[in-house]
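Encoded as structure tokens, the structure appears first; notes follow it.
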2 protein chains.
Amino acid sequence: MSVRDWLPTPVQAAGIERALAVGETLFRVGAPTIGLYEIVAGKVRLARVDHSGREAILYTATAGDTIAEASLFMSTYHCDAIATTDAVVRLYPKAAILAEFERNPRAAQPFMAMLARQVMNLRTRLEQRNIRSARDRLRHYLAINVRSDGRTVELKGTVKDIAGDIGLTHEALYRTLAQMAVDGEIKRLDGKIILLQPV
Amino acid sequence: MSVRDWLPTPVQAAGIERALAVGETLFRVGAPTIGLYEIVAGKVRLARVDHSGREAILYTATAGDTIAEASLFMSTYHCDAIATTDAVVRLYPKAAILAEFERNPRAAQPFMAMLARQVMNLRTRLEQRNIRSARDRLRHYLAINVRSDGRTVELKGTVKDIAGDIGLTHEALYRTLAQMAVDGEIKRLDGKIILLQPV
DNA sequence: CGGCGTTTTGAGAGAGCTCAACATCGGTGG
DNA sequence: CCACCGATGTTGAGCTCTCTCAAAACGCCG
């Protein structure tokens, strides 16, 4: 879901791009909030430093992600944002966004819809992680991501990416895919998986 | 975060309570959306039926949770909601909510803030699940939930509940807690954990 | 006092992780 | 056109850690 789909057009135009070198700080705990960021390229991690000085990662944002949405409604940031790789981000100023919501209340709806959908999606992925078995977890993934035809799953990204998404090592996922193919539960095509034996 | 904190007061008054017997359906895929629900008591699961007729659970909501926020912006529900136990839910009609947002755009802000905070929280919990080691995962949990003094973690609910939240069996969590206490990394008090050795 | 849920410790097994090696595929540059 | 390189894809073998199953102590409430 791109920023274009939910951020009011006037605000999109107000985006300010900025490049970050690896290790560079985007914002820190306690800093006054100036807006939310879209990650254009690279990776940025949100983290908090614990009592012993180690950092606890809250989230690792990659290209296309938006971070600090909650900053719109808070006066200071509640975590650190640091570039994990060289990165490019785009700042959408809080003032511009809130002003636009004020001016045109309808503009807030796509924003709310995006957030609500994201909550749903994240809850689902969290539920997925409660499944221990690699095979059942993969089945869950496939069931969720199946096309409307009920049999085709389009793979976006590499298998390795998917492994990361569902919380398995890529080796475990490869093995599971191979096994399920042998068992005739799925068929693998280029960039696609076909679900077989609909019972 | 209670409904009282973010749902416009007029809408709260419009809540319609309903009791569900175990197994009873609250709504089904494709049914026209009529609003979002607060779970007052019991458990309700959101699920989708996959191609082989098995159901893939998207989320299990418990007392205090809100479900189907995204339904405000869609015309039909995209999953089934079924009572996993006897339950009581409260319906907040979509029409009332959207009308209130229209009438008083400011009222949408707490709603957006709640959603944004939830996204943050869920992302963090998902990141937590990427940590394999029970000890490190617990450390992450403690770092996130530590009081502002940096040394005290208030335990809400039983240890068993926490085990479920962070995706460990209660046995594994008890063992890890015991080990960390022996190692002098933490001290356990009634309903609290004190973090020691700040390096 | 009895019953139920939480807390706690034990022992064993299994599943996925880790490390490792190799194949495959695209892209790059000589 | 071919050699090289990096990333993805694939399979093997062993190990560790958590899960699972079990049992018992504890505390709370009726």
Side-chain angles (χ1 to χ4, degrees), chain A residues 22 41-43 57 60 62-63 84-86 125-142 153-194, chain B residues 41-43 57 62-63 84-86 125-142 153-194:
Chain A
V22 57
K43 292 184 186 176
I57 298 180
T60 303
T62 59
T84 299
T85 66
D86 287 343
R125 291 179 58 190
L126 208 46
E127 189 79 39
Q128 178 174 212
R129 296 299 183 95
N130 289 334
I131 304 171
R132 319 274 182 196
S133 145
R135 190 153 184 167
D136 285 340
R137 194 181 292 183
L138 178 55
R139 284 204 188 101
H140 189 271
Y141 173 82
L142 295 173
V153 179
E154 213 82 36
L155 300 183
K156 24 197 165 296
T158 69
V159 175
K160 232 176 149 177
D161 292 335
I162 294 173
D165 282 347
I166 67 180
L168 292 174
T169 58
H170 60 279
E171 295 99 320
L173 180 54
Y174 283 126
R175 274 187 252 273
T176 306
L177 282 169
Q179 195 56 56
M180 287 174 77
V182 167
D183 294 351
E185 187 169 345
I186 61 172
K187 193 157 83 181
R188 299 189 57 187
L189 299 174
D190 186 45
K192 266 187 222 158
I193 289 181
I194 310 295
Chain B
K43 293 184 184 174
I57 297 181
T62 59
T84 298
T85 66
D86 287 344
R125 292 179 56 190
L126 208 45
E127 189 79 38
Q128 178 174 229
R129 296 299 183 94
N130 289 334
I131 305 171
R132 319 273 183 198
S133 145
R135 191 155 187 164
D136 286 339
R137 193 181 293 183
L138 177 55
R139 284 204 188 101
H140 189 271
Y141 173 83
L142 294 173
V153 179
E154 213 82 37
L155 301 184
K156 23 197 166 294
T158 69
V159 175
K160 228 176 153 177
D161 292 334
I162 294 172
D165 282 347
I166 67 179
L168 292 175
T169 57
H170 61 278
E171 295 99 320
L173 180 53
Y174 281 124
R175 273 187 252 274
T176 307
L177 282 169
Q179 196 54 55
M180 287 175 77
V182 167
D183 295 350
E185 187 168 345
I186 62 172
K187 193 156 81 180
R188 298 189 57 188
L189 298 174
D190 187 44
K192 265 185 220 159
I193 289 180
I194 310 294

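A note on names: the letters A, B, ... follow the listed sequences, proteins ahead of strands, and every chain is numbered from 1. Only a predicted model underlies this, so the values are computations on that prediction, with no experimental measurement involved.
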Handout entry: Whole-Å distance separating the CD atom of B/Gln179 from the P atom of C/dT8
Key = 14 Å
Handout entry: Which nucleotide in D/dT20, C/dT7, D/dT10 has an atom nearest any side-chain atom of B/Glu171
Key = D/dT20
Exercise for the section: In whole angstrom, give the distance that lies between atom CG of B/Asp161 and atom P of C/dG5. Expected result: 14 Å
Exercise for the section: Look at the side-chain N and O atoms of A/Tyr174 and state whether any lies under 4.0 Å from the OP1 or OP2 oxygen of D/dG9. Expected result: yes
Problem - Close side-chain approach of A/Gln179 and A/Glu185, heavy atoms under 4.5 Å - result: no
Exercise for the section: Please report, rounded to the nearest Å, how far the C1' atom of D/dT16 is from the CG atom of B/Asp136. Expected result: 15 Å
Practice task
Grab the NE2-C1' distance between B/His170 and C/dT9 for me, whole Å please.
Solution key: 11 Å
Handout entry: Exercise: identify the closest heavy-atom pair between B/Lys160 and B/Tyr174
Key = N-OH, 4.2 Å
Exercise for the section: Give the rounded distance in Å between these two atoms: CG of B/Asp190 and P of C/dT6. Expected result: 16 Å
Handout entry: Close side-chain approach of A/Ile194 and A/Ile186, heavy atoms under 4.5 Å
Key = no
Exercise for the section: Return the value, rounded to whole Å, for the distance between atom CG of B/Asn130 and atom C1' of C/dG16. Expected result: 15 Å
Exercise for the section: Can you figure out which of D/dT18, C/dT9, C/dG16 approaches the side chain of B/Ala178 most closely? Expected result: C/dT9
Exercise for the section: Report yes if some heavy atom in the side chain of A/Arg132 is under 4.5 Å from a heavy atom in the side chain of A/Arg137; otherwise report no. Expected result: no
Exercise for the section: To the nearest Å, give me how far apart CG (B/Leu173) and P (D/dT20) are. Expected result: 15 Å
Exercise for the section: Under 4.0 Å between any heavy atoms, over every strand shown, what does A/Arg175 touch: base, sugar-phosphate, or nothing? Just pick one. Expected result: base
Exercise for the section: From the options C/dT8, D/dT20, C/dT18, select the nucleotide whose nearest atom is closest to the side chain of A/Thr169. Expected result: C/dT18
Exercise for the section: State whether the side chain of A/Asp161 and the backbone N or O of A/Thr158 hold a donor-acceptor pair below 3.5 Å, judged by distance alone. Expected result: yes
Problem - base_contact_polar (C/dG16 base, A/Arg137 side chain, donor-acceptor, <3.5 Å) - result: no
Completion exercise
Between B/Ala172 and A/Thr158, the residue closer to the 5' end of DNA chain D by nearest nucleotide is A/Thr158
Problem - Phosphate OP1/OP2 of C/dT8: any B/Arg188 side-chain N/O under 4.0 Å - result: yes
